[in-house]
Structure formats: structure tokens, C-alpha cells
Amino acid sequence: MPDTPNDAHKETLRQAALDYHRHPKPGKLEIRATKPLANGRDLARAYSPGVAEACIEIKNDPATARDYTARGNLVAVVTNGTAVLGLGNIGGLASKPVMEGKAVLFKKFANIDCFDIELDQPDPEKLADIVCAMEPTFGAINLEDIKAPDCFIVEKICRERMNIPVFHDDQHGTAIVVGAAATNALQVTGKKFEDIKIVSTGGGAAGIACLNMLLKLGVKRENVWLCDIEGLVYKGREKDMTPQKAEFAQGTTAATLGDVIDGADLFLGLSGPGVLKPDMVAKMADAPIIFALANPNPEITPEDVRTVAPNAIMATGRSDFPNQVNNVLCFPFIFRGALDVGATEINDAMQIGCVEGIAALARATTSAEAAAAYQGEQLTFGPEYLIPKPFDPRLMGVVASAVAKAAMETGVATRPVDLPTYKASLDASVFKSALLMRPVFQAAATAARRIVFTEGEDERVLRACQAVLEETTETPILIGRPDVIRARAERAGLDVDLDKLDIVNPENDPRYRDYWDTYHSLMARKGVTPDLAKAVMRTNTTAIGAVMVQRGEADSMICGTFGQFRWHLNYIEQILGKDLKVQGALSMMILEDGPLFIADTHVRSEPTGEQIAQTAIAAARHVKRFGLKPNIAFCAQSQFGNLDCDTGTRIRAAMRILDSQKVDFTYEGEMNVDAALDPDLRERLLPGNRMKGPANVLIFGHADAASGVRNILKMKGGGLEVGPILMGMGNRAHIVTPSITARGLLNMAAVAGTPVKHYG
């Protein structure tokens, strides 16, 4: 039993970790079929006799294995468990949880399928033989947790004999992330690789690989001093030496870490806790760079460093300190790029491309998704943010495309790709909306529209504004207090030039008189006095935005990041509703098997038959904007007239209206949602109905039903929402919901940025 509160806390964490691995089913992985196997026909294709056709194709052309099997996206994580991080030589079986974890990271971060393979083979040459024999199964090999110097032997043999990428992540993955962190640390301190002195502790696989990477980046070998448990690695030393260590030998006499640390610009630690002392740090150069990467306890803590070198730049291997050197920034994406271009190896150029991609991403504006995942942390490039966070979704596109580019340039890619298209596909695999939003972004790029964001002080809006400037031709306008906007932009690490933006300050703006006068002229005979108009234009940013659109000072407005939808709608209809009529709200839910549009989610609680028909016509026009063919199902409690309920009656009236107008889209109803999405069920209920395939638009006779389905899909179905899109306003106004993200706002800005006169 634990004796102290600290012991109790450790026991709680230990039990939580064990429960995580054990429940609800043991382990962290499972295998799932990707093709249907529901009947005899499926079985005949999946196995005998149909499987023979795929075998023959591969026999005739081995490259087609990528087309007919999972090999092109399958990696093996291979270990013998002789050097498991923080645990040592625990053997293959005990290392299995670590390897399963590595496989999960491959899937999570790069959508790469992975088998973990733990081998009971301590002999490096025999281990290499086993790995080489697995080449037909895998597209690449990730060697893991094999002790030095055996790991060097295994990797060398495998790389020489295999025609697929072989990558020892403990060596090269660590080296790549260290290289990226060092690149940016030197930029912060104003130093150059060719000028710095490096002192390193730890002559294992990771330590040697890191030093070799730093040499490739420009460090001079004579400026590197390597120490291990026996002290300085010097020429002629015999104890605990390897050929890899010998390459970094300095001098001919024994020395300690304390003897060689004087004037060092960079300390690189891959050894053990407490190796670097504060008095040693005091001997280092000004603004020292200290990478204390021993896990779980570093060579020195940031607190101890600060006592003697307040301006030091620190990195560790821990997530609870800034600048965590984590291999997950590298290995999923270097394998992604290598697999996608059919690379035969992972060479130096690909690794340096990975370094440069990671480093550049940290210097860019922080993504909204990373900021959301690391709330409360300052993610602005500088001493405490040298490398991106693992959950930055841009890593896939930036790093994998850099690796693919290097592979093609060095001639090791067997399937070259078009890089812009490839990067777009990577981004689309991470940002679920990217592929579907592409036609909208392309349309928005044809005109420079002015979009006013009425809640300009919200951080999500500021991040969206940054993205609008980077990714579109639109001109964002912000409504808010300039000092608040500036402070929040700086806190979020955004580099948008606010001086070049049009900011409307409700508290003090030269246009105030014009705005309240315009509002009063519109509302004077609806009970709005001049004093009330003045008050509204000082306090109501939605009304200000609508007045700007009405006056032609903005082309469209986006509001609703806080507050109630219909409150915003009231002011939009007051100011912009003279010539335009709201026809409902449409939400696009992006699901695993494609998009599903839902209407009317917000505007009319119980629409009439005519209003339902108008909603359908407007929804069809919007669906076409996404490059899709509308297939509209009217959903109700009743099923093709079997109940004389209120929603069914109103939907049948809408059907009659559409029938009389001969519209150019497919529609059917009324029906339950399951019939809308299941063509076989629908055909049994109404043979010969006019719809083919599942519906991609669901229109409900009651807003409660539409809103409920929308929220269930969003919260429980993993759906990503684009919208709500306010239909009928000529693209002049959109009202989002408080749950919207910065990327959601960017998507809505693209929707608003399409120059249309009357699309619905």
C-alpha cells in the first residue's frame, strides 16, 4: 500500500495506465476488414476463386502489389526489446505495449497501417536476416528500441539488402527533431551552425545520430566534444568504445564533462538524469542552448538552468516542459511521404527535408487546431516554442510533402507525384472539410470580396482572419476595439498586420454618424428613435456589420460566434431584408462516408409547404456550389402518406409545389430518415420511387428535428459542420453558431467570398 500522498498519486497513475491498456479490450490495436464480406459473392471475390486474379497480376508486375493489397500503406515496427526507452533490455514480449503504441501513433498522425513485430533474437545479423525476409509483406520498416551498436549493424544490413525504406527511429527520428529544434534555437540566438561549439553526453544510437545530423546541417566536426559514462571520448581510449564514438574523438587525454563544457554554445544530452550541473551551465557561452533529452528525468531541469542562465534556451523530452523533442513530429510523416512516392530508401536529403519542414512550421503562425489542443500554452515562435506541437495538423502536409519532394529530387521515388496536388490531398486527409470546400475556395478566388466579421475580438475570428489573408483573395474587416484586437492577436501568436486592416471601433469610429443615421432611416417608422439608433450603433456589432453591407462598404458579413441565432437574424432581416428574403439555414455535415446537408436547422420552426419548397430550391442551389448533385429527401414522422401528421401534410404540400415548377433536381418524400439514407429500404416501401441512391440532403418539416439530427451527427457521429449557411440572402450575411472553430469560420468566409447575385 502507498505510504505517502505522492505514492498514492503514483499508484493512481499506474493503475490508470494499466486500465487504459486492459479495457474495454486488451491492447491498443485491432484489425478490421476494408471490404464487405456479407454474402457468397463477396467471399468468392475476397478469397477463392477471385483472389487468384490479384495474385496473377502481382506475379506479372510486382509493383501492382500496391494496387491490390495493403502493402503500400503498411509499416512494420520491429524490435527485439534490447533498449526500450527508460526500461532497458526487457525483451521482445515486455516491449509489445511500446510497439503497439508506436503503431497507434502511425495510424493517428499519418493514417499508416502498422503491425508491431517483437522478435526474440539478440543476434544483430540474425535479426537483420529476419527483417529482410519480411520485405514482401511491408512497404517500409521502422526499427525500434534495439541496443547500440547492434542497431547500426541491423540497419546497415537491411538498408543494403532491402528495396524499401528502413528507418531506425531511435537514431534518425530523434536526430531530425533535434535538428529542427537546433535550427530554430540558433535563429533565436543569432548564431550559425558552422560557428558553434557542441558538447554532448551519450554515445548511444540516438546521440551519435544527432551529432551526425548536426554535421550535415553545418556543424564542424572539430567543434564537437562527445562524453559518455567514462568521460571524454578521446583518441586512443580503449574502454567502452565503438567505431561510431571514435569518429568524434577529441584530443588524446582523459577529461570530464566539466573540463570541456567551457564556452559551449549547445549542450546535447541523451544520457541520464543530473549529468549536467548548474556550475557547468555557468561556464557555457551566453544564451546557451541546452537540450537535456534524457527520459523520464533530464540531465538538468529548466529550473536549475534558470538559476545560472536566465536567457538559456531549453528543450527536453518531456511534455510538461516547453520544447518537447518528440519523435512523433517526424516518423509518421517521413514514412507518409516515403510510402506515397514509393521511395526505395529514406536518404539524407529526405531527412533534411523533414528537418526544414518541421522548423519552418514552428516559425509560421500557430494553427487554430494546435492552439485548441494546447489551451493555455503560448504557441508563438521563440525560446519556448522552437518546434511544433504533435497535434498540429499541418505537420502532415508540410513534412510529408517536403520528404516526397526530396525523394523525387534524389531519384529514389518510384512513383513521382505532383507536389501541389499531393500537398492538397494530405491537407484534405487531415482537414475533413478541405476536399469538399475546394470548389468553394476556387470560386472565391475569382473575386476580392470584403467580408466583415462582426465579433472581431474573438480569437477564433482573429485566427480565421489570418487564414483568410494567407489562403484567399478576400479582404477581412473586423468590428471591435483595436487595442483588444491587437492584444489578443499578439497573445495568440498571430502576425497579421492589423494596421493594414479595416477595423471598425464601436466606441470611437469616424463613420459612427453615418452608420446610426443609416440605421435610423431604415427603422424610423418601426419605433427606433435617433437616440436608440445611436445606442445600437455603439453596442450591437451585428447591426453595425449589417449596416456596412447595406451601405456597400462590405460585400458580406459573418456573425454568431456568441449569442442566439435568431437574435442575430432579427437585425439582419431589419437591415438587409427589404430586397432579400431568408429561406432557411443549411448545414453541411462532413461524415466518414461523405457529406450530408440538413435544412432548415435554425430559421423556421414550423415552415409552411411553400416555405419548405423554397428551402429545397435554395438548398439545391447551394449543394451545387460544392460540386455535388442534389438528391433531396423530405423527412417526417410519416412515410409516403401513411400518417396524416402535421409535418407530413406540409411536406406533401411542398411536393405538389415542386411538382408544378418542374425543378432541375431530384427530390422525394415524405419519408423517415432511414428510408432517405437506405435505397433498398426505400425501394421496398415505395417501389419505383424517383430517387436513386442515398439522399445527400435531408429537409425536415420542423426545425427541432433538423437541429437535433445536426447536433447528433456533430457530437456522436463525428461529423464536421460547414455552416449554417443562411439561404436567401444573396450571400450577403451568414450566422454561425457559438461552437464554430477558426477553420469553420475560414470555410464560411470562403462561402461568403463567392460573388453571386441571387443563388438563394
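- Taking Asn89 as the reference, Thr82 meet the side chain to side chain contact (heavy atoms under 4.5 Å, CB included) condition, with sequence neighbours excluded.
- Residue Lys28 qualifies as enclosed at atom NZ: its count of foreign heavy atoms under 6.0 Å is above 12.
- Every residue meeting the side chain to side chain contact (heavy atoms under 4.5 Å, CB included) condition with Ala181, not counting sequence neighbours, appears here in chain and number order: Phe291, Ile387.
- Remark: Lys191 pairs with Leu186, Thr189, Ile196, Asp265, Ala285 by the side chain to side chain contact (heavy atoms under 4.5 Å, CB included) rule, at least two apart or across chains.
- Asp169 is linked by a side-chain hydrogen bond (donor to acceptor under 3.5 Å, both in side chains) to Lys102, Asn327, counting only residues two or more places apart in sequence or in another chain.
- Using modelled atom types, one finds a donor on one side chain and an acceptor on the other under 3.5 Å when comparing Tyr422 with Asp340.
- Taking the salt bridge (Lys or Arg N to Asp or Glu O under 4.0 Å) definition, one finds that Lys239 meets it with Glu230, sequence neighbours left out.
- Partners of Thr410 under the side-chain hydrogen bond (donor to acceptor under 3.5 Å, both in side chains) rule, at least two apart in sequence or in another chain, are Asn347.
- For Phe167, the ring-ring contact (aromatic ring centres under 6.0 Å, His included) partners at least two apart in sequence or on another chain are His172, Phe335.
- Pairs engaging residues 225-253 under the ring-ring contact (aromatic ring centres under 6.0 Å, His included) rule: none recorded [sequence neighbours left out].
- In the model, Arg318 has no side-chain atom that pairs as donor or acceptor with a side-chain atom of Asn295 under 3.5 Å.
- Listed by chain and residue number, nothing satisfies the side-chain hydrogen bond (donor to acceptor under 3.5 Å, both in side chains) test with Asp279 (two or more places apart in sequence, or in another chain).
- Between the side chain of Arg237 and the backbone N or O of Asp240, at least one donor-acceptor pair lies under 3.5 Å.
- Here Ala175 pairs with Ala209, Cys210, Met213 under the side chain to side chain contact (heavy atoms under 4.5 Å, CB included) rule; sequence neighbours left out.
- Taking Asp120 as the reference, nothing meets the side-chain hydrogen bond (donor to acceptor under 3.5 Å, both in side chains) condition, with sequence neighbours excluded.
- With sequence neighbours excluded, the residues satisfying salt bridge (Lys or Arg N to Asp or Glu O under 4.0 Å) with Lys405 are Glu409.
- Taking CG of Leu293 as the start and OG1 of Thr316 as the end, the distance is 7.5 Å to the nearest 0.5 Å.
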Check the pair Asp304, Thr307 against side-chain hydrogen bond (donor to acceptor under 3.5 Å, both in side chains), reporting the backbone distance first and the verdict last. CA-CA 5 Å; Asp304 286 343; Thr307 61; 5.3 Å; no

